[in-house]
Participant: 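Pasting in a structure now, in structure tokens, and then I'll have a few things to ask.
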Amino acid sequence: MLLSSLTELLPLLLKGLGVTLQITAAGLVVATCAAFTAGLGISSNHRAVRALARAYIDLFRGTSALVQLFWVYYALPIFGLHIEAMPAAIVVLGLNIGAYGAEVVRGALAAVPQEQAEAAAALNLTERQTLWHIRLPQALPAMMPPFGNLAIELLKSTALVSLITLADLTFQAQVLRASTLQTAEVFGLVLVLYFTVAWMLGQSVRWLERCLARSQGRA
Amino acid sequence: MPDQLTWDWGYCLEIAPELARAAWISLQAAVLGMLLALALGLAGELLRRTPGPLSWAARWVMEAVRTTPLLVQLFAWFYLLPSTGVQISALTTGVVALGVHYAPFVAEVYRAGIEGVPESQWDAARALNFKPAQIWCHVVLPQALPPVIPALGNYFIALFKETPLLAAITVMELLQTAKIIGAESFRYLEPLTLVGAFFLLCSLAASRAVRCMEARLARPS
């Protein structure tokens, strides 16, 4: 009974999982870029850059991810801007998680001891050199554990895309539930799949963290 | 036919009462969900600290709840509870799902608070021959909880921002109402933007309140 329902349900669920993984992977790229851009922006000396970064972070952290998704998908077309569901999902979810990531970047940069920047200044390093060779490399390891949590948050938030017509894992679960009525099996399987992916995400971030520590001779 | 491209303030005023009613439902769901999360989180954290298989089970359940999407959990509760004979409204189902989903996060916050209580407090309580229940209620928790109230506040804000998900299980909260208004009038811009603005204002105000609380706690009393 369990095996037969497994062979019946799994193919479609795995297809949905593919979409979920695509959005997660692309979203991670968007989120990482946004997090570093805004994180550095908010630590900048220019007031305008700081204000812009702060506005982005507050806007995306302050409103609900689902509202953002709906706004881009349903309200933007009114301005003549039609975005397909897939890129809209990737950009919105990426920017949403990126806003949280920006605070992580800011916090980690602020946690690098001030003496490091002073020593760099004493060695006549430019501001750019100080950032790239002194402050960022030391801040990166501290960013990894919160980044791991955010990656899992991103994976979880991809479930929202099923509400803007994308056929991800959650969407396929709904389809299967309606057609097979095996509600418990379907949702049980889906939860296990999400849990497994989240676990693997967490492990890979931990692996990355160890690599970073080793490359800096701290292992 | 109003111009599609312009922002219509009259229309905003027209739909405001309906949105306000929906906001009240969102707020209710958030507050009740948070109360449930506070209770379940404490239970989970205490279970995790008991020796034996219970602690192991609690740890795995919380890990699984924490790392799977709230939306899927919402659907699971919504479709599975009736099949077990439990008949509750969609709003109650939403509150249960929110509370359960946020319990592991809240438990982590409690853990930080509990670990912040110095070991000597435990020693002293044991030396005074307190029973475990007394130690928890009269010594550890009163010291562990106040410092973590700001962190709990942040999770309340996060939970509040997830209430639009209840739209997926037919609860007439803010987003669902905005969508219906939009579908009726073919104008999504105003209702969706108003909902977004409402969440933005609420969370900005709430995070300011949390920061004030943090500042007050940080001040030596």
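Keep in mind that this is a model prediction, so the values were computed, not measured. Worth knowing before you read on, the calculation uses all heavy atoms, side chains too, and leaves out hydrogens, waters and symmetry mates.
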Participant: For atom CD of B:Glu115, is the number of surrounding heavy atoms from other residues, nucleotides or ligands below 6.0 Å larger than 12?
Facilitator: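 Yes, CD of B:Glu115 has more than 12 neighbouring heavy atoms, counting only those of other groups under 6.0 Å.
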
Participant: I'd like to know whether A:Asn149 forms a side-chain contact (heavy atoms from CB on, under 4.5 Å) with B:Arg66, so could you lay out the CA-CA distance, the side-chain angles of the two residues, the decisive distance to 0.1 Å, and finally the verdict.
Facilitator: CA-CA 10 Å; A:Asn149 285 337; B:Arg66 202 172 63 87; 4.1 Å; yes

Participant: So what's closer than 4.5 Å to chain A heavy atoms on B:Ser83: side chain, backbone, both or neither?
Facilitator: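 Neither the backbone nor the side chain of B:Ser83 comes within 4.5 Å of chain A.
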
Participant: Need one label for A:Leu59: side chain, backbone, both or neither, based on atoms under 4.5 Å from any heavy atom in chain B.
Facilitator: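 It is both, since atoms from each part get that close.
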
Participant: With only heavy atoms counted, which part of A:Ser162 is less than 4.5 Å from chain B, the side chain, the backbone, both or neither?
Facilitator: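 The side chain, not the backbone.
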
Participant: Considering only heavy atoms and a distance below 4.5 Å, find which of B:Thr163, B:Leu204, B:Thr193 pairs most often with chain A.
Facilitator: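 The option with the most such pairs is B:Thr193.
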
Participant: Rounded to the nearest 0.5 Å, how far apart are CG of B:Leu71 and CG of A:Leu66?
Facilitator: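 That separation rounds to 8.0 Å.
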
Participant: In chain order, what residues pass the side chain to side chain donor-acceptor pair (under 3.5 Å) check against B:Lys161, with sequence neighbours excluded?
Facilitator: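 Applying side chain to side chain donor-acceptor pair (under 3.5 Å) to B:Lys161 gives A:Tyr100.
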
Participant: Below 4.5 Å, heavy atoms only, C-beta onward: do B:Leu189 and A:Phe79 meet side chain to side chain?
Facilitator: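 B:Leu189 reaches A:Phe79 side chain to side chain.
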
Participant: So, taking the atom named CD1 in A:Ile78 and the one named CZ in B:Phe186, what distance separates them when rounded to the nearest 0.5 Å?
Facilitator: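 If we round to the nearest 0.5 Å, A:Ile78:CD1 and B:Phe186:CZ are 12.0 Å apart.
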
Participant: Give, for atom NE2 of B:His101 and atom NZ of A:Lys156, the distance between the pair rounded to the nearest 0.5 Å.
Facilitator: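 Answer rounded to 0.5 Å: 3.5 Å.
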
Participant: Decide yes or no for B:Glu63 and A:Trp199: does some side-chain heavy atom of the first lie under 4.5 Å from some side-chain heavy atom of the second?
Facilitator: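 No - every pair of side-chain heavy atoms lies 4.5 Å or more apart.
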
Participant: Pick one of side chain, backbone, both or neither for B:Leu175, based on which atoms fall under 4.5 Å of a heavy atom in chain A.
Facilitator: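 Side chain only.
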
Participant: Measure across B:Leu192 and A:Phe70 and return the closest heavy-atom pair with its distance rounded to 0.1 Å.
Facilitator: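 Answer, listing the atom of B:Leu192 first, then A:Phe70: CD1-O, 3.6 Å.
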
Participant: Return the set of residues passing ring pair (Phe, Tyr, Trp, His ring centres under 6.0 Å) with B:Phe78 (not counting sequence neighbours), or none when no residue passes.
Facilitator: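 Not a single residue meets the ring pair (Phe, Tyr, Trp, His ring centres under 6.0 Å) criterion with B:Phe78.
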
Participant: Closest heavy-atom contact between B:Ala168 and A:Leu163?
Facilitator: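 Looks like CB-CD2, 3.9 Å.
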
Participant: Between A:Ser64 and B:Phe199, what is the shortest heavy-atom contact and its length?
Facilitator: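 Heavy-atom minimum between the residues: N-CB, 4.4 Å.
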
Participant: So which bits of residues 167-176 of chain A come within less than 4.5 Å of chain B, counting non-hydrogen atoms only?
Facilitator: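 At a heavy-atom separation under 4.5 Å, chain B is reached by A:Thr170, A:Gln174.
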
Participant: With a 4.5 angstrom heavy-atom cut-off, which part of A:Leu191 approaches chain B: side chain, backbone, both or neither?
Facilitator: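 Interface part for A:Leu191: both.
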
Participant: Out of B:Leu201, B:Ile157, B:Val195, B:Leu165, return the one with the most heavy atom pairs under 4.5 angstrom to chain A.
Facilitator: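 Ranked by contacts with chain A, first place is B:Leu165.
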
Participant: Hey, does the Lys NZ or Arg CZ of A:Arg177 hover above the aromatic six-ring of B:Phe75, less than 6.0 Å from the centre and inside 45° of the axis?
Facilitator: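 Checked: cation-pi criterion not met.
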
Participant: For a quick test of reading the model, state the closest non-hydrogen atom pair linking A:Ala159 to B:Pro69 and the distance between them.
Facilitator: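 It is CB-CB, 3.5 Å.
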
Participant: Do you know which two heavy atoms are closest between A:Val67 and B:Pro164, and how far apart they sit?
Facilitator: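 Scanning both residues completely, I find the closest heavy atoms to be CG2-CG, 4.0 Å.
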
Participant: Heavy-atom distance under 4.5 Å between the side chains of B:Thr67 and A:Leu201, does that happen here?
Facilitator: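 Answer no - side chains too far apart.
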
Participant: About how many Å separate CG of A:Leu160 and CG of B:Leu70, when rounded to the nearest 0.5 Å?
Facilitator: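 Going from CG on B:Leu70 over to CG on A:Leu160, the span is 8.5 Å.
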
Participant: Tabulate, in ascending numerical order, the residues of residues 51-62 of chain B having at least one heavy atom closer than 4.5 Å to a heavy atom of chain A, or enter 'none'.
Facilitator: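 Listed by number, the contacting residues are B:Trp60.
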
